[in-house]
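Both backbone and side-chain heavy atoms feed into the values below; hydrogens, waters and symmetry mates do not. The shown structure was predicted, so the numbers you read here are calculated from the model rather than taken from an experiment.
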Amino acid sequence: MVATVKIAVLGAQGVGKSAIVRQFLYNEFSEVCVPTTARRVYLPAVVMNGHVHDLQIMDFPPITAFPVNTLQVGEWADVCCRGLRSVHAYILVYDICCFDSFEYIKTIRQQILETRVIGTSETPIIIVGNKRDLQRGRVIPRWNVSNLVKKTWKCGYIECSAKYNWHILLLFSELLKSVGCARCKHVHTTIRFQGALRRNRCTIM
């Protein structure tokens, strides 16, 4: 596994991607929705199965399109997109109660596949359906989404609730497994945030 795992979190406005990150790092949730207008970079460490792993979590504001290259006309032309093409894994978040937010991550995923130079191995993409606590307002049946994502897209799929901290640790546990951490592939994986190590390391860029 790489020394520092770089993770990009993408999604449409209001899907709760920042809430997921803050719930994971700080075990907190705010009812007030503050739009993400700039890239936020968090540098936590996690303890997984007794081993410490460094993460670089980049929470991106909604982007109009995935950068086609790393040149001045691509990734580095927009400060909000910097680092987006060089991450080790993508978390694409949608709101289970908003069809448009699913269409957004569907488009972004396709653009990632079409424009990024993957190399010898594929970069993991995990699709996350947030706001599971609002299950009654779901617009697409869970089975339909899960079947599409897992069988057709060949991506991981997890539903969670940032509000109630449901499946948040599972999400990052599965992500670490997907990037090739040999020590993380046990059946019963445990993960916790090493708060004493990197509690306040957040950079807005």
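To the nearest 0.5 Å, the span separating CZ on Arg39 from CZ on Arg82 amounts to 8.0 Å. Note: Leu175 CG to Ile7 CD1 = 4.5 Å, rounded to the nearest 0.5 Å. Between Phe66 atom CZ and Arg85 atom CZ the span is 5.5 Å, to the nearest 0.5 Å. Separating the CG atom in Leu92 from the CD1 atom in Ile112 is a distance of 5.0 Å, to the nearest 0.5 Å. Taking CG of Asn165 as the start and CZ of Phe24 as the end, the distance is 10.0 Å to the nearest 0.5 Å. A distance of 13.5 Å separates NZ of Lys163 from CD1 of Ile168, quoted to the nearest 0.5 Å.
Under the 4.5 Å side-chain heavy-atom criterion for grouping Ile, Leu, Val, Met, Phe, Trp and Tyr, Val128 is not connected to Tyr164 through any hydrophobic cluster. Leu134 and Val93 end up in different hydrophobic clusters when Ile, Leu, Val, Met, Phe, Trp and Tyr side chains are linked at under 4.5 Å. Linking ILVMFWY residues whenever their side-chain heavy atoms come closer than 4.5 Å, directly or via other members, places Leu170 and Phe172 in the same cluster. Both Tyr26 and Ile20 are part of a single hydrophobic cluster, where members link through side-chain heavy atoms under 4.5 Å apart. One hydrophobic cluster, built from ILVMFWY side chains closer than 4.5 Å, cannot hold both Ile127 and Trp166; they sit in different ones.
Residues in residues 124-138 take part in these salt bridge (charged side-chain N to carboxylate O under 4.0 Å, His left out) pairs, two or more places apart or across chains: Asp95-Lys131, Arg132-Glu159, Arg138-Glu159.
Listed by chain and number, the residues in a side-chain contact (heavy atoms from CB on, under 4.5 Å) with Ser146 are Lys150, Tyr157 (sequence neighbours excluded). Scored by the side chain to side chain donor-acceptor pair (under 3.5 Å) test, Asn130 finds no partners at all (sequence neighbours excluded). Every residue two or more places apart in sequence or in another chain that forms a ring pair (Phe, Tyr, Trp, His ring centres under 6.0 Å) with Trp153 is listed here: Phe102. Applying the side-chain contact (heavy atoms from CB on, under 4.5 Å) rule to Asn144 yields the partners Ile140, Pro141; only residues at least two apart in sequence or on another chain are considered. Partners of Lys154 by side chain to side chain donor-acceptor pair (under 3.5 Å), not counting sequence neighbours: none found. Under the side-chain contact (heavy atoms from CB on, under 4.5 Å) criterion, Ser18 pairs with Thr36, Asp59, sequence neighbours left out. Listed by chain and number, the residues in a side-chain contact (heavy atoms from CB on, under 4.5 Å) with Ala8 are Phe60, Leu84, Val87, Tyr90 (sequence neighbours excluded). Residues passing the side chain to side chain donor-acceptor pair (under 3.5 Å) test with Glu174, sequence neighbours excluded: Lys177.
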Inset, instruction - Any chance you could lay out the side chain to side chain contact (heavy atoms under 4.5 Å, CB included) test for Val41 and Ile57, step after step, and finish with the verdict? - result: CA-CA 6 Å; Val41 181; Ile57 303 174; over 6 Å; no

Legend entry - Intermediate values then yes/no, side chain to side chain contact (heavy atoms under 4.5 Å, CB included), Leu55 and Thr4: CA-CA 5 Å; Leu55 306 182; Thr4 299; 5.9 Å; no

Legend entry - Derivation and outcome, side chain to side chain contact (heavy atoms under 4.5 Å, CB included), residues Leu176 and Val46: CA-CA 10 Å; Leu176 285 177; Val46 298; 3.8 Å; yes

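Smallest separation of non-hydrogen atoms from Ala45 and Asp54: CB-OD1, 3.8 Å. Between Ala162 and Gly16 the shortest heavy-atom distance is CB-O, 4.5 Å. Across every non-hydrogen atom of Ile105 and Gly11, the tightest pair is CG2-CA, 4.3 Å. Nearest heavy-atom pair across His167 and Cys160 is CB-CB, 3.9 Å.
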